[in-house]
Amino acid sequence: MTQIMETLLPDKVDTLFINCHVATMADNALSIIKNAALAITGKTISWIGKKKEVPDLLKTKGPKVIDCHNGWILPGFVECHTHLVWAGSRSNEFEMRLNGASYEEISKKGGGISSTVTATRNASKEELFILASKRVDALLKQGITSLEIKSGYGLNLETELKTLDVIQLLDKKFPLHIEATFLGAHALPFEFANNPDGYIDLVTQTMLPEVKAQGIATAVDAFCEPIAFTLTQTKKVFETAKDLGFNIKLHAEQLSNSNGAALASEFNALSCDHLEYLSLSGAKKMAQHNVAAVLLPGAFYFLKETKKPPVDTFRDLKIPMAVSTDLNPGSSPVHSMTLILNMACMLLGLTCEEALLGATINGARALGLELSKGSIEPGKDADLVVWDIDTPEDLCYLAGLTPIDVVMIKGRIHQTT
Ligand code: NIG
Ligand code: FE
């Protein structure tokens, strides 16, 4: 149980949550405050403490009181890795994989990411927006209040920009906080089949400067893997991205050890993601450069991976572990954060506390948002969820259930049952 810091009662309270327990996620732990009250002023958490102070808070000017009936308040989930703007379906590949084909085999035969690229290029911006809106809506209903979305199913200037535009439109339409990541170096488009360096030139010389000029992404990601791009090609992308002032992220060591994590760490990446094949030296570099590890149990599960990311090493080296759906049409068509929490525990060996930290404060770290998101502390954004559960661990244990009572984003209520 956490010590409550004596914070001054705010002069003005807009919303006051009472009869609640809070898992604040402060200090890298659940940091539970039982029988708590929580005050929101404007867009910000202004006070958290024991319910005995409530009479004084009620005397402040006209707060809206929300009785949580002994429910639990947690920070809204920070979903730090999705590819949710796509057209088409890959359910046929799912069937092929059930019949024994591997992800790499399907990719080499022109399926996989390439098939989504064709469908996404052929879709209009409006069609993509409708498709992606449905997915964002589903995530909002899962208690996700911050969301990262990558481009990467365009692989030409026009469709990468179209995708990033759709992400901007989603940001305007939905109340949740959205971070856009440019993933031009996701796969080699067929028109560059024999010329990967030519494609990397297009990414670095044309796409990155244009994305920067339009201000439509904050981070740059790449897929460093034999079926995608080499270490040298990834380095070129990062050099340009860094010069242009983007944050860096990497799909690293998902299917093999390509030493991508060490490279990304040298560029002070925010996160390296997947990491099943991470070496000890790669992990040490991540620790040295304060890089978050994003674990994606949905992809691990869908690809029937057997090699797990080195969770014990992350613990030993105190590397923050984030957890995410990796929502995408190929390797992780998973739309449920609570299901992912369960998978993180059952498949990757995280404790419930680690999984919950992974979907909140460590998700925020993986996006560079940890000063404003991911934990319930005075001064942070009022992004939170009231859950109808008996303990925070229920969110990992009741696989796939989402018993939400209230979602608040930046001080405004967006969903109640
Ligand atoms: O995170 N690894 C590369 N990108 C996605 C897969 C995308 C796809 O298969 O469409 C991932 O797993
Ligand atoms: Fe991914």
Side-chain angles (χ1 to χ4, degrees), residues 79-94 96-97 101-121 128 131-132 135 147-155 159-160 163 167 179-189 219-229 234 237 248-258 260-261 264 269-278 292-305 307 309 322-335 340 343 347 363 366-367:
E79 164 51 277
C80 65
H81 180 141
T82 76
H83 309 245
L84 64 74
V85 183
W86 82 81
S89 167
R90 306 241 298 273
S91 58
N92 59 328
E93 290 178 12
F94 178 58
M96 283 161 77
R97 279 196 279 116
S102 75
Y103 185 70
E104 285 103 323
E105 280 161 14
I106 293 171
S107 156
K108 279 186 192 137
K109 283 186 191 145
I113 295 173
S114 305
S115 80
T116 303
V117 169
T118 305
T120 304
R121 285 180 178 180
L128 275 181
L131 289 166
R135 297 170 193 137
L147 170 65
E148 187 254 17
I149 310 175
K150 303 174 196 297
S151 68
Y153 292 124
L155 309 185
T159 317
E160 286 297 308
T163 306
I167 299 173
E179 291 282 326
T181 298
F182 171 68
L183 177 56
H186 191 195
L188 193 61
V220 169
D221 195 345
F223 190 19
C224 182
E225 202 68 56
I227 60 165
F229 297 100
T234 305
V237 173
I248 303 287
K249 301 174 84 67
L250 185 65
H251 282 70
E253 276 61 286
Q254 179 186 8
L255 307 167
S256 62
N257 179 15
S258 305
L270 287 175
S271 72
C272 290
D273 304 34
H274 288 286
L275 299 172
E276 279 81 351
Y277 289 82
L278 181 67
V294 178
L295 307 184
L296 303 164
F300 178 89
Y301 166 76
F302 259 86
L303 300 184
K304 292 192 179 170
E305 268 290 344
K307 189 154 167 52
V323 168
S324 148
T325 63
D326 191 12
L327 175 52
N328 75 69
S331 66
S332 188
V334 181
H335 294 64
I340 286 293
M343 287 183 186
L347 300 176
L367 296 177

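One-based numbering, in listed order, for ligands and for the atoms of each. Side chains included, hydrogens not; waters and symmetry mates left out as well; all remaining heavy atoms used.
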Mind checking whether Ile113 and Tyr103 have side chains closer than 4.5 Å, heavy atoms only?
yes
Would you check if the side chain of Arg97 reaches a backbone N or O of Ser102 as a donor-acceptor pair within less than 3.5 Å?
no
Can you tell me the protein heavy atom closest to atom 4 (N) of ligand 1 and the distance?
His186 NE2, 2.9 Å
Could you point out which residue of Thr234, Val294, Val237, Val220 forms a side chain to side chain contact (heavy atoms under 4.5 Å, CB included) with Leu250?
Thr234
Please indicate whether any nitrogen or oxygen in Thr116 is less than 3.5 Å from any nitrogen or oxygen in ligand 1.
no
Verdict with supporting geometry, Arg135 and Val85, side chain to side chain contact (heavy atoms under 4.5 Å, CB included)
CA-CA 9 Å; Arg135 297 170 193 137; Val85 183; 5.8 Å; no
Give me the residue, atom name and distance of the protein heavy atom closest to atom 9 (O) of ligand 1.
Tyr103 OH, 2.4 Å
Per-atom filter on ligand 1: closer than 4.0 angstrom to a heavy atom of Gly330 are 9 (O), 10 (O)
To which protein heavy atom is atom 2 (N) of ligand 1 closest, and what is the distance rounded to 0.1 Å?
Gln254 OE1, 2.8 Å
Please list, in number order, the atoms of ligand 1 under 4.0 Å from a heavy atom of Asn328.
5 (C), 6 (C), 7 (C), 8 (C), 9 (O), 10 (O), 11 (C), 12 (O)
Is there an N/O/S atom in Asp273 at a distance below 2.8 Å from the Fe ion (ligand 2)?
no
Quick one, Ser107 and Glu225 - any side-chain contact, counting heavy atoms below 4.5 Å?
no
Taking the side chain as everything from C-beta on, heavy atoms only, tell me whether Glu148 gets closer than 4.5 Å to Ser324.
no
Please find the N/O/S atom of Asp326 nearest to the Fe ion (ligand 2) and write down its name.
OD1
Side chains of Glu305 and Tyr277: closer than 4.5 Å at any heavy-atom pair?
yes
I'd like the name of whichever of Phe223, Trp86, Tyr153 reaches closest to atom 7 (C) of ligand 1 through any heavy atom.
Tyr153
Is there a side-chain contact between Thr325 and His335 in this structure, where contact means two heavy atoms from C-beta onward sitting under 4.5 Å apart?
no
Taking 4.0 Å as the limit for heavy-atom contacts, which would you say applies to Glu225 with ligand 1: side chain only, backbone only, both, or neither?
neither
Determine the sole option in His83, Lys150, His251, Gln254 for which the side-chain hydrogen bond (donor to acceptor under 3.5 Å, both in side chains) test with Asp326 is passed.
His83
Would you call His81 a ligand 1 contact, heavy-atom distance under 4.0 Å?
yes
I'd like to know: is the Fe ion (ligand 2) within the 2.8 Å range of an N/O/S atom from His83, strictly under that distance?
yes
For atom 11 (C) of ligand 1, grab the closest protein heavy atom and report residue, atom and distance to one decimal in Å.
Asp326 OD2, 3.2 Å
Starting from atom 12 (O) of ligand 1, which protein heavy atom do you reach first, and at what distance in Å?
Ser331 OG, 2.5 Å
